[in-house]
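Structure first, commentary second.
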Amino acid sequence: ADNTVFEEITGGTEHIEVAGKTINSRAYVGRFNFKGPDQQKKVGELSGGERNRVHLAKLLRRGGNVLLLDEPTNHLDINHQVEILDLLSELHEETGLTIVCVTHDLNAAAEFGEQLVLMEAGRPLAVGSAAQVLTEDLVRQAYGVDVWIEQIGGRARIIPKSRRHTVESTVTHRSQV
């Protein structure tokens with residue numbers, strides 16, 4: 001916790017090896033959105049999203065061709081969620097890294113995932129693209145909730161329906177006012 005972000009990720013050296021290539025350490029740390037003075041922040045003083053980025057940078061330094069992530073954007077604000085998921089998408093495109101990401105955020109899965117596996121009771125219910133997997137019937141079966149699925153920007157957006165207020169009861173209620 002006493003290390004700086006730069007020291008924690010790079011060991012304090014000016015050049016590091018990543019995926020068999022020697023690269024500038026500061027540029028690598030900057031890739032995870034730690035620019036200039038942010039690289040000198042103490043790890044113990046970082047926010048949850050910043051700590052996630054440090055862990056991700058350290059993991060990727062170790063190498064490998066598959067990255068397994070369990071809820072990498074959990075408890076992050078929307079800005080940090082997008083930041084992490086964009087970075088993962090870029091790394092996949094640039095290096096061919098396979099990323100397996102467990103998430104309960106269906107909208108993030110639809111936006112960033114290439115292949116989805118929708119689980120029900122610990123078993124695969126559906127496998128395929130977001131359009132194939134995120135249907136009203138399959139989401140209802142997996143989660144026991146009714147949803148609307150709208151296409152926005154060519155991507156599915158899942159909107160849960162309230163169990164308390166159906167469209168019909170809302171209309172009836174408004175007409176009584």
Side-chain angles (χ1 to χ4, degrees), residues 5 8-10 16-21 23 27-35 38-39 41 43 46-161:
V5 168
E8 186 72 15
I9 295 172
T10 68
I16 57 174
E17 189 167 313
V18 178
K21 298 177 187 173
I23 62 171
Y28 180 75
V29 175
R31 184 73 195 278
F32 295 86
N33 206 25
F34 292 107
K35 312 271 193 242
D38 289 343
Q39 294 188 8
K41 286 183 177 178
V43 172
L46 298 177
S47 70
E50 290 170 323
R51 275 194 296 275
N52 281 0
R53 294 195 323 259
V54 168
H55 292 306
L56 183 58
K58 289 172 62 176
L59 272 173
L60 294 173
R61 269 206 64 202
R62 292 186 187 138
N65 56 6
V66 177
L67 182 61
L68 302 174
L69 300 170
D70 186 14
E71 301 281 358
T73 59
N74 202 24
H75 304 296
L76 299 181
D77 65 46
I78 194 166
N79 177 53
H80 287 109
Q81 289 176 20
V82 171
E83 189 174 86
I84 292 285
L85 294 171
D86 275 343
L87 177 61
L88 291 170
S89 295
E90 289 169 15
L91 291 167
H92 167 70
E93 290 167 8
E94 292 171 10
T95 67
L97 178 69
T98 297
I99 301 169
V100 178
C101 179
V102 176
T103 184
H104 289 90
D105 185 337
L106 300 179
N107 286 315
E111 179 69 22
F112 293 95
E114 289 182 9
Q115 288 289 308
L116 307 183
V117 179
L118 184 63
M119 304 292 286
E120 178 189 27
R123 298 175 195 256
L125 174 62
V127 178
S129 69
Q132 295 167 317
V133 170
L134 298 176
T135 67
E136 291 176 5
D137 289 337
L138 288 172
V139 171
R140 181 182 315 104
Q141 186 175 341
Y143 290 98
V145 66
D146 288 322
V147 297
W148 289 289
I149 299 186
E150 299 291 331
Q151 294 296 318
I152 301 172
R155 302 281 190 184
R157 296 294 179 254
I158 296 84
I159 305 161
K161 295 180 182 178

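The basis for the numbers below is simple: all heavy atoms, side chains too, and nothing from hydrogens, waters or symmetry mates.
The environment of Ile152 atom CD1 is dense: over 12 non-hydrogen atoms of other residues, nucleotides or ligands sit within 6.0 angstrom.
Contact record, Ala109 with Leu116: O-CD2, 3.6 Å, taken as the closest heavy-atom pair. Taking every heavy atom of both residues into account, Pro124 and Val117 meet most closely at CB-CG1, 4.0 Å. The two residues Leu87 and Arg31 make their nearest non-hydrogen contact at CD1-O, 3.8 Å. Nearest approach of Leu76 to Gly48, heavy atoms of both residues: CD2-C, 3.9 Å. Nearest approach of Thr103 to Asp105, heavy atoms of both residues: OG1-N, 3.0 Å. Considering all non-hydrogen atoms of both residues, Val145 and Lys161 come closest at CG2-O, 4.1 Å.
The existence of a salt bridge linking Lys35 and Asp38 is excluded, since no basic side-chain nitrogen approaches an acidic carboxylate oxygen closer than 4.0 Å.
Taken from CD in Glu114 to OG in Ser89, the straight-line distance is 8.0 Å, to the nearest 0.5 Å. In this structure, CG on Asp146 lies 13.5 Å from CD1 on Ile159, to the nearest 0.5 angstrom. Atoms OH and CD1, from Tyr143 and Ile158 in turn, are 9.5 Å apart once rounded to the nearest 0.5 Å. The CZ atom of Arg53 sits 15.0 Å away from atom NZ of Lys58, with the distance rounded to the nearest 0.5 Å. Within the model, atoms CG of Leu118 and CD of Gln132 stand 12.5 Å from one another, a figure rounded to the nearest 0.5 Å. Within the model, atoms CZ of Arg155 and CG of Asn107 stand 12.0 Å from one another, a figure rounded to the nearest 0.5 Å.
Using a 4.5 Å heavy-atom threshold, the side chains of Leu56 and Leu67 count as touching. Residues Asn65 and Thr98 fail the side-chain proximity criterion, which asks for heavy atoms closer than 4.5 Å. Put simply, the side chain of Leu69 reaches to within 4.5 Å of the side chain of Ile99, judged on heavy atoms. With a 4.5 Å cut-off on side-chain heavy atoms, Phe32 and Leu60 count as touching. Between Leu88 and Ile84, some side-chain heavy-atom pair lies under the 4.5 Å cut-off.
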Applying side chain to side chain contact (heavy atoms under 4.5 Å, CB included), run through Glu111 and Leu85 and close with a yes or a no.
CA-CA 9 Å; Glu111 179 69 22; Leu85 294 171; over 6 Å; no
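Panel note: side chain Gln115, backbone Val127; no donor-acceptor pair is recorded below 3.5 Å. Not a single donor-acceptor pair under 3.5 Å links the side chain of Arg157 to the backbone N or O of Glu150. Side chain of Tyr28 to main chain of Ile9: no donor-acceptor pair is present (N/O by atom type, distance under 3.5 Å, no hydrogens or angles).
In this structure, a donor-acceptor pair under 3.5 Å is present between the side chains of His80 and Asp77.
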